[in-house]
Amino acid sequence: MDTDVYQQLSARVGRCHIDLRLGIEHDRETWVFGQGRSFFHIENWYSVHGFIRNTLRLCLLHAKGQNNARSIQVRHNEFFFENLPKEFDGFKLLHLSDLHLDSGLGIPEAHIDALQQVGDYDLCVITGDYRNKTFGPYQRALDAMKRVLAPITTPVYGVLGNHDTIRMASGLEDLGVRMLLNEAVPIEKGISTLWLAGIDDAHYFRADNIEKATDPIPQDVVSILLSHSPEMYRQAAYARFDAMLCGHTHGGQICLPGGIPVMLNANAPRALCNGPWRYHAMQGYTSVGSGSCIVDVRLNCPPEITVHTLRRGSPVKVAR
Ligand SMILES: [Fe+2]
């Protein structure tokens with residue numbers, strides 16, 4: 001990492017955070033195995049992606065799956081908060097996740113097409129995984145991000161996922177994405193404020209620090225947490241976040257008929273791995289993501305970008 005960037009980021013988020021991230025990334029780059037936290041982990045499957053692709057070809061599903069991966073849907077969700085300030089009633093958050101923009105031909109274009117169908121929104125948030133692989137070059141992903149961000153005119157906030165190096169953080173900020181590295185920022189509208197916090201990846205790097213992200217947030221204000229993975233749901237709920245937005249699971253990406261995932265790659269209940277959910281007083285939403293990884297194919301699990309509308313009122317019971 002460039003010395004100036006290192007010093008700048010260290011001064012902002014702490015030397016320990018940057019050093020542990022860079023250290024674990026170095027270990028990951030040099031290991032033969034160990035891309036995930038255990039051997040039987042999807043991040044270890046790059047060596048068998050040809051096998052998965054050929055199996056899908058044999059089943060005549062590869063072309064269909066690739067087509068599905070480029071047909072990004074717009075999903076809508078509502079969050080209800082009793083203490084939401086009037087100014088934020090109807091506030092819309094555009095949520096992107098798991099873009100994996102360098103995973104195949106036509107993926108950035110599919111995102112740009114989907115963004116044209118969204119309509120108005122007030123803020124954009126991105127819950128990580130910009131790159132396809134969990135290691136190696138990242139400039140192609142940043143170049144594609146530049147194109148995807150071009151039509152977005154609102155402020156953009158993001159967190160890093162387990163496929164992202166912390167070296168990408170300054171590049172993303174140069175593109176206008178304010179990265180939340182265990183940080184929180186106030187979002188103001190009129191005389192009212194809600195708080196948006198973001199934690200670094202908790203799935204692989206364990207570089208999350210929810211205490212630090214929560215510290216600046218005053219009591220009794222609506223607060224929303226961005227986390228790459230839903231695995232921090234308990235900590236987020238007991239840290240008194242009102243809502244948590246995340247991704248990472250891809251909803252399974254290659255699912256059985258009926259959208260039943262074979263594998264979700266997250267240490268969280270299945271009910272928390274796709275769409276809206278609730279844990280005690282906290283509402284949550286797990287995006288199935290707009291991209292795909294390992295193979296650029298989706299079956300029975302269409303990619304999504306999500307528009308969350310904030311409403312004043314009692315939370316709706318999620319039937320899960
Ligand atoms: Fe991920």
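Read the numbers this way: they start at 1 and go in the same order the structure lists the ligands and their atoms. Computed from heavy atoms alone, side chains included, the values below leave out hydrogens, waters and symmetry copies. Quantities reported herein were computed from a predicted structural model and do not represent experimental measurements.
For a distance bound of 2.8 Å, the N, O or S atoms of H203 include none lying that close to the Fe ion (ligand 1). When distances to the Fe ion (ligand 1) are checked against a cut-off of 2.8 Å, N162 contributes an N, O or S atom below that limit.
In this structure, D201 does not pair ionically with R21, as no charged nitrogen and carboxylate oxygen lie closer than 4.0 Å.
The Fe ion (ligand 1) forms the vertex of an angle spanning OD2 of D129 and ND1 of H248; to the nearest 10 degrees it equals 160°.
Take the N/O/S atoms of H228: the one nearest the Fe ion (ligand 1) is NE2.
Between the side chains of E231 and N267, no donor-acceptor pair is found at a separation under 3.5 Å.
By the 30° and 60° cut-offs, the orientation of the rings of H248 relative to H203 is tilted.
Under the salt bridge (charged side-chain N to carboxylate O under 4.0 Å, His left out) criterion, the residue pairs touching residues 179-197 are R12-E183, R178-E183, with sequence neighbours excluded.
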